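Each remark here refers to the structure printed beneath this line.
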Amino acid sequence: MISCKHCPLRDLDMFVPMTGRELSFMERFKSGELEVEAGATLMLEGATSPHMYTPIEGMGLRYKTLETGKRQVINFVFPGDFIGLQAGLMKEMQHSVEASTPMKLCVFNRSELWTLFEHHPERAYDPTWISAVEEHLLGESLAIVGHMSGKERVARALVRVHDRAFALGMVKENKLPLPYRQQDLADAIGLSLVHTNKTLQKLKDQGVAAWQDGVLHVKDYEGLCKLAKLDAKPDIMVRPLM
């Protein structure tokens, strides 16, 4: 089992450094590690779970199941994200989490969450911050769906994914893993699969970005940002690591 002191994510600039006291607590808070294959369900909507997770390796997605049986993708899961806080606070998950690739995750006991708040209030601020940021991102997603064209939505989603991967050191020669289906992207930004497919083809024809075989090649980052109505600078949000 990887010690928190030797966590491969801790040295990344996107994560807030931990004090020695915080590291000692995290060593006790972590109860083990879990490895799952692609397609595994980590959390199930409506179910309770005794555990919470932080991915060390691999990617996944969060989604809700609609009454029709279709899935509505909420967002994508990257290394360093905190999974299961809803179940920890609300007793059951309000959405599901699925592994899109093989994943390795740190496991935390839900029962220790209140110990965190009681004895480590400075560390307890971190999951509160994470929850607030997720709410902010959800609000941004709703604004995008309501006020952006299809091309702008796709471009914005690809820029956001690129920036997250860039902060994690996952972008090599302007290429990054994007192990999702076009349907997942379409669901996340409120477009049909056909519209999403046509828009991705237009971006490829323009020489801006190409997504093929699970890899996104951002050929013109500035051009992609212009389409997305964003500044051409990776938006790296410094955040806590649980």
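All residue numbers refer to positions in the sequence shown, counting from 1. In this text, all values refer to a predicted model and were calculated from it rather than measured experimentally.
We find the CG-NZ distance between D187 and K64 to be 14.0 Å, quoted to the nearest 0.5 Å. Separating the NZ atom in K219 from the CG atom in L203 is a distance of 11.0 Å, to the nearest 0.5 Å. Atom NE2 of H95 is separated from atom CG of L44 by 11.0 Å, given to the nearest 0.5 angstrom. Interatomic distance, NZ of K233 versus CG of D231, reported as 9.0 Å (0.5 Å rounding). In this structure, CG on L9 lies 8.0 Å from SG on C106, to the nearest 0.5 angstrom. Note that NE2 of H217 and NZ of K204 are 11.5 Å apart. Values are rounded to the nearest 0.5 Å.
R239 places no side-chain N or O within 3.5 Å of a backbone atom of F15 that could act as its donor or acceptor partner. Looking at R10, its side chain does come within 3.5 Å of a backbone N or O of K5 through a donor-acceptor pair. Within the 3.5 Å criterion, the main-chain N or O of R160 finds no donor-acceptor partner in the side chain of D163. Proximity of a side-chain donor or acceptor of E45 to a complementary backbone N or O of T65 within less than 3.5 Å is detected. A donor-acceptor pair under 3.5 Å links the side-chain atoms of E27 to the main chain of C4, judged by distance alone. Judged by distance alone, the side chain of T101 and the main-chain N or O of M59 form a donor-acceptor pair under 3.5 Å.
For Y63, there are no ring pair (Phe, Tyr, Trp, His ring centres under 6.0 Å) partners, not counting sequence neighbours. For the side-chain contact (heavy atoms from CB on, under 4.5 Å) test, residues two or more places apart in sequence or in another chain that qualify with Q182 are L193, N197, L200, W211. Not a single ring pair (Phe, Tyr, Trp, His ring centres under 6.0 Å) links Y53 to another residue, sequence neighbours left out. Partners of F76 according to the ring pair (Phe, Tyr, Trp, His ring centres under 6.0 Å) rule, which considers only residues two or more places apart in sequence or in another chain, are Y180.
Residues V107 and K30 form no side-chain contact, since every pair of their non-hydrogen atoms from C-beta on lies 4.5 Å or further apart. A heavy-atom distance below 4.5 Å is not found between the side chains of F166 and M14. The shortest distance between side-chain heavy atoms of T199 and H195 falls below 4.5 Å. In this structure, L178 and V215 have side chains that are not in contact, with every pair of non-hydrogen atoms separated by 4.5 Å or more. Using a 4.5 Å cut-off on side-chain heavy atoms (C-beta onward), L191 and V154 make contact. The closest side-chain heavy-atom distance from L61 to V77 is not below 4.5 Å. In this structure, T54 and L105 have side chains that are not in contact, with every pair of non-hydrogen atoms separated by 4.5 Å or more. Inter-residue side-chain proximity for K229 and E152 is flagged as met; some heavy-atom pair is nearer than 4.5 Å.
Among all heavy-atom pairs drawn from G84 and M52, the shortest one is O-CG, 3.5 Å. Residues V159 and A228 approach most closely at CG2-CB, 4.1 Å, considering heavy atoms. Scanning all heavy atoms of the two residues, the minimum distance from E222 to A232 falls at CG-CB, 3.7 Å. Across all non-hydrogen atoms, the minimal contact from L230 to R156 is CD1-CD, 3.3 Å. Between D81 and P55 the shortest heavy-atom distance is O-CD, 2.9 Å. Shown here for S100 and A38, the closest heavy-atom pair between the two residues is O-CB, 3.6 Å.
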Next item on the list: Tell me, with the steps shown, if K104 and L34 meet side-chain contact (heavy atoms from CB on, under 4.5 Å).
Entry: CA-CA 6 Å; K104 186 173 185 178; L34 175 68; over 6 Å; no
Margin query: Show, in sequence, the C-alpha distance, side-chain angles and deciding distance for R181 and D184, and conclude whether the salt bridge (charged side-chain N to carboxylate O under 4.0 Å, His left out) test is met.
Written below: CA-CA 5 Å; R181 304 172 304 157; D184 296 328; 3.0 Å; yes
Note to self: Run V161 and F78 through side-chain contact (heavy atoms from CB on, under 4.5 Å) and show every step you take.
What the structure shows: CA-CA 9 Å; V161 168; F78 280 69; 3.9 Å; yes
Margin query: What verdict does the side-chain contact (heavy atoms from CB on, under 4.5 Å) test give for H162 and L158, after you've listed the backbone C-alpha separation in whole Å, the side-chain angles of each residue and the deciding distance to 0.1 Å?
Written below: CA-CA 6 Å; H162 169 277; L158 296 185; over 6 Å; no
Item checked: Verdict with reasoning, L12 to L168, per side-chain contact (heavy atoms from CB on, under 4.5 Å) -> CA-CA 7 Å; L12 297 174; L168 289 164; 3.8 Å; yes
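The other members of the hydrophobic cluster of I56, by chain and number, are I2 (side-chain heavy atoms under 4.5 Å, ILVMFWY only).
Q206 and K151 are linked by a side-chain donor-acceptor pair at a separation below 3.5 angstrom, with hydrogens and angles left out of the test.
Using the six-membered ring where Trp is involved, F82 and F108 have ring planes that are perpendicular, over 60° apart on the 30 and 60° scheme.
Residue pairs meeting the salt bridge (Lys or Arg N to Asp or Glu O under 4.0 Å) criterion with at least one member in residues 48-57: none, sequence neighbours excluded.
For D205, the CG atom is densely surrounded, since the number of other residues' heavy atoms within 6.0 Å is greater than 12.
With respect to R71 and E98, a salt bridge is recorded, a charged nitrogen being found less than 4.0 Å from a carboxylate O.
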